Amino acid sequence: MTPRPPSVSEDVTALPRGGQNAIGVTLGLLGDEWTLLILRQALQGTRLYGDWMRALPISHAVLSGRLGRLTEFGLLERVAYQERPERHEYRLTRRGRGVWPILLGIWAWELSHVERHAEELPRMRHHGHLFEPVLVCGGCAAPVGPRDLVGGFGPSGTWERSLPSATTRRRSASAPGHLEGFFPQTTALVGNRWSCAMLGAAFQGARRFRDFERQLAAPPVVIADRLRTFAELDVMTASANGGYRLTAKGLAFFPVAVHTMEWAQRWFRSPEGPALSYRHTACGAPFRPRHTCSECAEPLRGGTIERVGQ
Ligand SMILES: [Zn+2]
Ligand SMILES: [Zn+2]
């Protein structure tokens with residue numbers, strides 16, 4: 001892991017031609033429960049190694065590995081704040097702070113759709129009122145769901161290039177399995193390369209077993225296994241015509257998916273062009289996801305949201 005100058009984190013990372021695209025790189029990085037938890041703490045102000053150790057049931061090996069990776073990918077910057085003895089802190093870069101819409105989406109989804117949590121999730125307030133984030137179009141401010149968009153893969157977008165690599169997956173899988181309860185179902189949905197792809201295909205309209213099989217070029221046993229998991233999570237269900245459809249809970253994960261795509265393509269670019277490209281059907285503008293407040297309809301910004309409770 002080579003240290004990068006701080007300015008790199010403000011720039012877009014150029015990805016190699018023909019290699020993994022922005023989506024694949026991002027899913028490999030963020031599709032990991034420890035990484036999400038470390039970023040959540042960072043967004044709440046944690047900068048010191050010891051503070052993460054105290055806040056999370058995490059081992060030294062996992063924490064230093066994840067901090068190194070987040071620094072390598074430009075989300076954190078390692079800065080010396082004391083010389084004798086030398087001490088470092090990890091500061092969120094603009095790229096790192098930019099993950100807040102993804103984490104807000106995960107929080108909202110877990111809060112309204114996942115009943116059991118090992119730790120009580122805090123509620124959040126916007127300008128003093130409790131709220132839920134609403135996904136809207138950045139162009140026309142209308143609320144948006146998966147069926148309100150047209151588009152799909154761009155020039156660097158194939159399933160193969162959009163999946164986290166097997167290497168990343170092995171690295172991510174080193175997280176201990178006892179971490180039940182922080183973002184348990186989010187991890188089940190995105191912490192596995194085939195799950196991400198299945199969910200992406202479902203949001204793109206795949207409905208039948210053979211759609212998934214053909215689009216993902218995945219072994220049938222994998223598709224069957226993922227469909228079973230999604231049914232257990234109540235994210236997809238068998239439909240009357242012999243296919244599968246997203247449930248209300250599955251559809252409610254859409255804001256997390258589009259904010260992840262947005263962040264991915266904001267910071268990582270393949271030379272061929274975007275991995276995914278969507279327009280909002282109603283207004284025709286290229287789709288830019290935004291969160292607004294369910295209560296006052298104002299756009300949400302990181303700094304206007306406060307946590308209630310722990
Ligand atoms: Zn629009
Ligand atoms: Zn509000």
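Each ligand, and each atom within it, is numbered from 1 in the order the structure gives. The structure displayed is predicted, hence computed values, not measured ones. Positions are given from 1 along the sequence.
For the Zn ion (ligand 2), the tally of protein N/O/S atoms lying closer than 2.8 Å stands at 4.
Two rings, from Y49 and H60, have their centers less than 6.0 Å apart.
Ring geometry for Y244 versus F209: interplanar angle of 30 to 60°, hence tilted.
A salt bridge is defined here as a Lys NZ or Arg NE, NH1 or NH2 lying under 4.0 Å from an Asp or Glu carboxylate O, and E306 with R125 meets this definition.
Considering all non-hydrogen atoms of both residues, F153 and T158 come closest at CZ-C, 4.0 Å. When all heavy atoms of V258 and P289 are compared, the closest pair comes out as O-CG, 3.7 Å.
Under the ring pair (Phe, Tyr, Trp, His ring centres under 6.0 Å) criterion, Y278 pairs with no residue, sequence neighbours left out. Qualifying salt bridge (Lys or Arg N to Asp or Glu O under 4.0 Å) partners for R78, counting only residues two or more places apart in sequence or in other chains: none.
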Do H127 and E298 pass the side chain to side chain donor-acceptor pair (under 3.5 Å) test, and can you show the C-alpha distance, the side-chain angles, and the key distance before you say yes or no?
CA-CA 10 Å; H127 293 320; E298 270 182 35; 3.2 Å; yes

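Around the Zn ion (ligand 1), the protein atoms of type N, O or S found under 2.8 Å away are C137 SG, C140 SG, H280 ND1, C283 SG, listed by chain and number.
The shortest distance between side-chain heavy atoms of R69 and L29 falls below 4.5 Å.
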